[in-house]
Amino acid sequence: MSTPFIKRYPFSDFEPRWQEHWLCTNAFHAKNPGESGFDPSAKKRYILDMFPYPSGNGLHVGHLVGYTATDILSRYYRLRGENVLHPMGWDAFGLPAEQYAIKTGQHPRVTTEKNISRFRKQLQLLGFSYDWEREINTTDPAYFRWTQWIFLQLYHAWYNPSTQRIEHISTYTGENPNSLRLAYVANTPVNWCPELGTVLANEEVVDGKSEVGGFPVERRPMRQWMFRITALADRLLSDLEELNWPESIKQLQRNWIGRSEGAEVMFSLQNQPDKKITVYTTRPDTLYGATYLVLAPEHPLLEELNLSPSVQKALEKYRSDSQTKSDLERTDLAKKKTGIPLELACINPINGEVIPIWVADYVLMSYGTGAIMAVPAHDERDNEFARAFHLPIRSVIQTPQGVSLPFHGTHGELINSPLINGLEPPEAKINITQWLEGNGHGRRSIQYKLRDWLFSRQRYWGEPFPIVWEKGEHRALNENELPLEPPEMEDFRPTGTAEPPLAKAKDWVRYSDQATRELNTMPQWAGSCWYYLRYCDPKNQEAFVGQEVQEYWREVDLYVGGTEHAVLHLLYARFWHKALFDLGHVTTAEPFERLVNQGMILGPDGQKMSKSRGNVISPDDVIAQYGADALRMFEMFMGPLEHSKPWSMTGVEGIYRFLARVWRLIMLETPEGTLQLTSNITEEPMTASQRRIVHATIKKVTSDLENLSFNTAISQMMICVNAFLNANPCPLEAVHILLRLLSPFAPHLAEELWVHLAATFPSVKALGALASESSWPTWNEEYLLFEEVTYVVQVNGKLRTRLTLAATTSEEDVEKAALADPSMQAHLLNQAIKKVIVVPGRLVNIVIL
RNA sequence: GCCGAUGUGGCGAAAUGGCAGACGCAAGGGACUUAAAAUCCCUUUCUGCGAAAGCGGAGUGUGGGUUCGAGUCCCACCAUCGGUACCA
């Protein structure tokens, strides 16, 4: 049995009241240019949360860390007079809704609506200051109309290598525009997940399993829509430099893009000099160490070679074996190398050496040229393979003593390499590359790990492609045919084959006598690739965002969300944004100027919160017991925003006690049970020491907010409140400054106490009718100064005594006072003083031998 | 393996190269109360000497280094977490 709970202040009376007030008055509506009341002199600030996927489980306290942080900042910047855009919406297309719908027989639209209402209500219970007039929902036809429109812009675009920009396809004068579109159809091996009945992007496959659900994924060739994201690989990489993002996220994106510099080298076949194999290597300096060559099993050249019948047979078996291997199996078997010899040879251009050609699945068709030169002395994988199949290993770099092969370092003299003997690898790399280019045997080459983005899914609950097929050719719908809504369907289960569920909607599929609709839908990422733009102008029916509005709000100034989107959403959105930028639709090259990742909130047991562990904390319960302000503040008080930290109910209680102290500082309950201001509060000026602590608090809270150090800002406010708890009289100025500092953190309490104060004191009312309509206080450095300072006196860095001196004491006099201090004499007796260091206002260090 | 982050009391944490542990939780003691709740006050890194006030010593994952002075800077290592993995 829980003990009866006594409310220390009446939060359950006023919190809902203020939430209602803010909602009814649209208190936090951000004005667009052209809107009445728009103030062109106010600085704009765009503060964005990663919008949630409205799942059936509702929010838990972990979701609220980031939302609370951005809300506090939004309220803070509003008090500073800025025009703050702080919106919220719903990323509502996606697999879970569809799977739930299949299980329960309800249409996903129904469950999605229900979940959204629940989420909205939960967020409103926290008193978040969203501009609800800008709420968006990716499943709303008025929204996805523009998702489809942007798709069409990308479909009608290509990457022009000569301008290095994305341009309208009409600037391409070649013969086959379809082969160059930014959105294109490809028949390539894709990640097919039978359990989910859909294909997945590379980014959605983790360890050979689907990121959602953890089901096995297999490679199979399918005709799919792709985005040519690789065209922007270099810009996606280099533009990271300027962004104010966590270094770790930048690094994750760099690794994912995976740029490497090397060379392509052409090897001629021994008996067919006209046939050449091009390999990619990052180590052209080891060219003399190549002892064999390997082709990927899918390499197209294999079709053209004259192989002996027995080899041909072995090859076919090997190819079909490796093709049916799932990615998971390939990973599991990574240590054991397999392959077959082709019984053909090619010629190393640098020395004319004849080396054998093999086929092995440790070489991937999807990277580089799908062929490698194997240098077993200086590459781990080649070394393993060479030892497994007894191929020669030749070292070409002087290996340091005690280091065994394979040696892949880049320090050491080249050996066994006539043209470059004695050089260091970096220099040799340049020399060889120049030699290859000069003799027509290869060239410098840059490769990326990043691959094109697989953009279609075999789902019902997603945006249909604005594409129709006619005589085997795809073509775009007209803009005036948008939005293209999914058909109403009773049965949208996966077909059990690779055919998408939309195929079952026969009427919908038929576009005309000649044409049928594209059956795939877009992945969940589509809607989130541009939602931050729609918030700027959510009701615009003429454009995805109005030009003037876009030029005003520009990029997101601060974006807060979880690390899980490091390479998915954040890379995709950057790609769309750059495309829109090149095409002239947006004014910045990057969408998110500053990014912050909030840490995870763990369960009270220190484990990740999950239903199965039974350690999920629901905000609803916390609010019922302690109120929204206490929940908000505790989320911030727990520790640095970016850190993971375990939940603690007693910790909430501590914050709750603090808020109750603030309440009692101002309000008193009479024996009859009515509320009134405490009589302590008067318009008496603050004493010097009160003024010092109040102004120190303004300074600390302000700088902490700028640095997103919410936890220490709260500590400072606690120190300040503790200092005034027994003050009588309690100066009004201290109280209204404190309330304004507190108002972004605990907005309900601040609002409530403010109106009580304002009712009695006109000077408070003059600052604003509500705390949220007042202004952020400023501090005066002069008030922070002390008349006396305490010096720490050290001997050889060890604390020996303290000394209180007037703040104006000169360094010389400080030194004298320290040496003369009676308690120092024992330490200094018979000691030669080597040096005395005085740090003004802080310490004296006496150095003796 | 590679890349990145983090290691400070019983716990969450704080500390422009300058008093380590602010602020809070938990624990213990006290005041108020018939009693409890609520509230308020005190103690709480480890350790040596002391009845006590007090006086010392050690201490920020480990080992080195730079410095008058290092949680903070440098080098090496260990542990935990996250990402990634045949990318030539």
Side-chain angles (χ1 to χ4, degrees), chain A residues 3-8 206-207 246-256 258-260 262 279-283 286 294 296 330-331 333-337 360-364 366-375 378-382 384-385 408 447-451 563-564 566-567 597 599-600 606 634 637-640 642-655 657-658 660-661 664 709 711-719 722 725-726 790-802 823 826 834-839 841-848:
Chain A
T3 49
F5 190 81
I6 292 171
K7 293 209 168 80
R8 284 121 161 177
V206 179
D207 289 338
E247 196 46 43
S248 60
I249 298 288
K250 288 193 192 181
Q251 200 55 43
L252 286 176
Q253 292 218 347
R254 284 188 200 114
N255 291 345
W256 190 262
R259 182 184 201 267
S260 72
V279 304
Y280 172 71
T281 177
T282 54
R283 295 296 301 273
T286 63
V294 188
R330 276 209 190 188
T331 312
L333 298 170
K335 296 207 168 52
K336 198 163 183 289
K337 296 278 185 287
D361 65 2
Y362 83 92
V363 173
L364 308 175
S366 51
Y367 182 78
T369 58
I372 61 154
M373 63 177 209
V375 185
H378 305 292
D379 181 281
E380 214 154 321
R381 297 148 301 181
D382 297 343
E384 262 173 46
F385 191 83
H408 44 255
Q447 293 290 333
Y448 297 92
K449 280 203 281 186
L450 183 71
R451 290 176 226 166
T563 338
E564 64 273 21
V567 287
N597 292 120
M600 235 189 318
F634 181 63
F637 186 63
M638 294 171 80
E642 304 86 345
H643 285 195
S644 291
K645 51 240 157 184
W647 184 258
S648 153
M649 228 23 131
T650 52
V652 189
E653 182 128 9
I655 286 288
R657 277 199 285 263
F658 164 69
R661 280 203 290 277
R664 289 197 310 271
S709 302
N711 53 333
T712 49
I714 294 171
S715 295
Q716 181 63 36
M717 287 191 280
M718 287 174 167
I719 291 169
N722 289 345
L725 218 49
N726 297 314
T790 300
Y791 277 84
V792 169
V793 183
Q794 300 177 330
V795 176
N796 285 351
K798 279 200 171 115
L799 173 69
R800 291 305 174 195
T801 190
R802 284 162 226 275
S823 63
K834 196 179 159 196
K835 195 170 170 188
V836 177
I837 288 155
V838 177
V839 181
R842 284 188 174 272
L843 103 174
V844 182
N845 190 11
I846 300 163
V847 185
I848 59 181

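Lettering of chains follows the sequences in order, A, B, ..., and the numbering in each one begins at 1.
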For this session: Going 5' to 3' through nucleotides 10-19 of chain B, assign each nucleotide B (protein heavy atom under 4.0 Å from a base atom), S (under 4.0 Å only from sugar-phosphate atoms) or - (no protein heavy atom that close).
Result: --BSS-B-BB
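Base orientation at B:rG9 is syn, since its O4'-C1' glycosidic dihedral falls within 90° of 0.
Annotation: B:rG21 and B:rG59 have their C1' atoms spaced 11 Å apart (nearest Å). Taking atom C1' in both B:rC40 and B:rC32, the straight-line distance is 9 Å, to the nearest Å. Here the separation of B:rU8 from B:rG71, taken at their C1' atoms, is 7 Å to the nearest Å. With both ends at atom P, the span from B:rA26 to B:rC41 equals 15 Å, rounded to whole Å. Between B:rU60 and B:rU39, the two C1' atoms lie 36 Å apart (nearest whole Å). Taking atom C1' on both B:rG57 and B:rC2, the two are 45 Å apart, rounded to the nearest angstrom.
For the pair A:V839/A:Y791, no side-chain contact is recorded, criterion being any heavy-atom separation below 4.5 Å from C-beta on. The shortest distance between side-chain heavy atoms of A:F385 and A:V363 does not fall below 4.5 Å.
In terms of position on RNA chain B, the residue among A:Y280 and A:S648 whose nearest nucleotide sits closer to the 5' end is A:S648. Two residues, A:G651 and A:M600, neighbour RNA chain B, and the one matched to the more 5' nucleotide by heavy-atom proximity is A:G651.
Side-chain N or O atoms of A:N796 include one that pairs as donor or acceptor with a backbone N or O of A:I848 at under 3.5 Å. Without hydrogens or angle criteria, A:D382 side chain to A:V375 main chain gives a donor-acceptor distance under 3.5 Å. In this structure a side-chain-to-backbone donor-acceptor pair under 3.5 Å is present from A:K645 to A:P640.
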Below 3.5 Å is the cut-off: list the nitrogen or oxygen pairs between protein and nucleotides 39-43 of chain B, distance only.
| residue | atom | partner | partner atom | Å |
| --- | --- | --- | --- | --- |
| B:rU39 | OP1 | A:R8 | NE | 3.4 |
| B:rU39 | O3' | A:R664 | NH2 | 3.2 |

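Within 4.0 Å of A:T563, counting heavy atoms only, lies no atom of the nucleic acid at all. A:R259 comes within 4.0 angstrom of nothing in the nucleic acid, heavy atoms only. Within the nucleic acid shown, A:G654 comes within 4.0 Å of sugar-phosphate atoms alone, with no base atom in reach, counting heavy atoms only.
Judged by distance alone, with hydrogens and angles left aside, A:K834 brings no side-chain donor or acceptor close enough to the base of B:rC68 to form a pair under 3.5 Å.
By the ring-ring contact (aromatic ring centres under 6.0 Å, His included) test, A:F658 is found to be paired with no residue, residues two or more places apart in sequence or in another chain being considered. Checked against ring-ring contact (aromatic ring centres under 6.0 Å, His included), A:F637 has no partners two or more places apart in sequence or in another chain. Judged as a side-chain contact (heavy atoms from CB on, under 4.5 Å), and not counting sequence neighbours, the contacts of A:R259 are A:L237, A:E261, A:I446, A:Y448.
Between the side chains of A:T801 and A:S823, a donor-acceptor pair is found at a separation under 3.5 Å.
In terms of phosphate contacts, A:N722 brings a side-chain nitrogen or oxygen within less than 4.0 Å of OP1 or OP2 of B:rG24.
In secondary-structure terms, RNA chain B builds stems of at least 3 consecutive Watson-Crick or G-U pairs, each pair having both distances under 3.5 Å, at B:1-7 with B:78-84, B:10-12 with B:23-25, B:27-31 with B:39-43, B:45-49 with B:54-58, B:61-65 with B:73-77.
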